Participant: 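Before I ask anything, here is the structure I am working with.
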Amino acid sequence: MARRALITGITGQDGSYLAEHLLSQGYQVWGLLRGQTNPRTSRVGHLASDLSFVDGDLTDQASLVAAVDTVQPDEVYNLGALSFVPGSWQQPELVTEVNGTGVLRMLEAIRMVSDLNGSRHADGGRIRFYQASSSEMFGKAAETPQGETTGFHPRSPYGVAKTYGHHITRTYRETFGMYAVSGVLFNHESPRRGAEFVTRKISLAAARIKLGHQKRLDLGNLDALRDWGFAGDYVRAMHLMLQQDEPADYVVGTGRMHSVRDAVRCAFACVGLHWTDHVVVDPALVRPAEVEVLCADSRRVRAELGWEPTVDFPQLMRMMVESDLERLSREPVCGDLLPAAGR
């Protein structure tokens, strides 16, 4: 009998890649949707005939209990979140409700459906749970690279909420014996990334400028360093974490750092342009509390799970730029396609 997986955030970048991967592994895949009019269902439109959907909202406990009870999943992947880090300063309470307390609600839903009480259960219930933790939890990190034992010092409401979600997942694992794990994923991108994220903002701008639809690109801190990988690689790590005999948390990243300037240089080189002719630094785009350096120590996930990234940074940026060029060449010019970019 095919295993069942329930994915929150299935219409996001990671959710769409994870759904593809699980379907290729023979799973029945269900997606949690807050109403059937989700504007981003286009990301999984090509999979629609192979997916099932159930109503649910990470801010509504009763809906999550009903969803888990309906699906009776073997695995739950909690990817649902408000994921644009700078935007978390505009909606800190909502980010906390969804990214933090939402994790607790999903864990409670699993505990209730699994009938787990106040002591450790022999097998932790049947349902295995994956929480999408984030490198933003490290924030102002005390060491580089950051691994499973590195302390957290988040620098945004997003990072703080993710830190709560990470700790409450561990607490349910230790208290109830649940198979509950967190993947501390470093930045991962793709052509499906939202236009508000810096790598996609850059790839779109390079394509638009090449096609004459835009004149310049406004960016903030060009020196910020990140460990960027391909989202399609990272969802394989999520799945592997739930296939182990014992639950454990893992840091996932490439272990290589690149600056925003590197991303710009790669993207504009892909279209035969020099980035300095088109990029303008705007101090207003710098985060209130910037996270300067994030780099993964991914030795454990490589050694224990056999995970390796397959797409390097230059390949990733080229993939994104070429995808945007191809799509923009087919579509009419949209003035709001790239919000916050210079015109």
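One is the number of the first residue; the rest follow in order along the sequence. Remember, predicted model here, so these are calculated numbers, not experimental data.
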Participant: Can you confirm if the aromatic rings of H239 and Y234 lie within a centre distance of less than 6.0 Å?
Facilitator: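 No - the distance between ring centres of Y234 and H239 does not fall below the 6.0 Å cut-off.
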Participant: Got a donor-acceptor contact below 3.5 angstrom from the W307 side chain to the D233 backbone?
Facilitator: yes
Participant: Carefully, step by step, assess D249 and R170 under the rule salt bridge (Lys or Arg N to Asp or Glu O under 4.0 Å).
Facilitator: CA-CA 9 Å; D249 303 328; R170 177 180 295 169; 3.4 Å; yes
Participant: So does R111 pair up with E108, basic N to acidic O under 4.0 Å?
Facilitator: yes
Participant: Residues in ring-ring contact (aromatic ring centres under 6.0 Å, His included) with Y164, at least two apart?
Facilitator: none
Participant: Are L217 and V280 connected in the hydrophobic side-chain network, where two residues link if heavy atoms are under 4.5 Å apart?
Facilitator: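 Each belongs to a different hydrophobic cluster.
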Participant: Is it the case that more than 12 heavy atoms not belonging to E93 sit under 6.0 Å from its CD atom?
Facilitator: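 No.
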Participant: Can you tell whether the side chains of D227 and R256 come within less than 4.0 Å, N to carboxylate O?
Facilitator: no
Participant: If we ignore hydrogens and angles and just use 3.5 Å, is the side chain of Q146 paired with the main-chain N or O of C295 as donor and acceptor?
Facilitator: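 It does hold such a pair.
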Participant: Should E20 and R192 count as an ion pair when the cut-off is N to O under 4.0 Å?
Facilitator: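 Yes, this pair counts.
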Participant: Could you tell me if the ring centre of Y17 sits under 6.0 Å from that of F230?
Facilitator: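 Yes: the rings meet the under 6.0 Å criterion.
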Participant: Is V160 reachable from F152 through a run of I, L, V, M, F, W or Y residues, each pair having side-chain heavy atoms under 4.5 Å apart?
Facilitator: no
Participant: Taking D74 first and then R126, would you say they form a salt bridge - that is, a charged N and a carboxylate O separated by under 4.0 Å?
Facilitator: yes
Participant: According to a 4.5 Å side-chain heavy-atom criterion applied to Ile, Leu, Val, Met, Phe, Trp and Tyr, with indirect links allowed, do I202 and L273 form part of one hydrophobic cluster?
Facilitator: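 Yes: a chain of side-chain contacts under 4.5 Å links I202 to L273.
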Participant: Check for me whether R200 meets the cation-pi criterion with F197, that is, NZ or CZ under 6.0 Å from the six-membered ring centre and within 45 degrees of the ring axis.
Facilitator: no
Participant: Give the C-alpha distance, both sets of side-chain angles, the deciding distance and a yes or no for salt bridge (Lys or Arg N to Asp or Glu O under 4.0 Å) between E308 and R302.
Facilitator: CA-CA 6 Å; E308 291 287 345; R302 294 171 190 252; 2.5 Å; yes
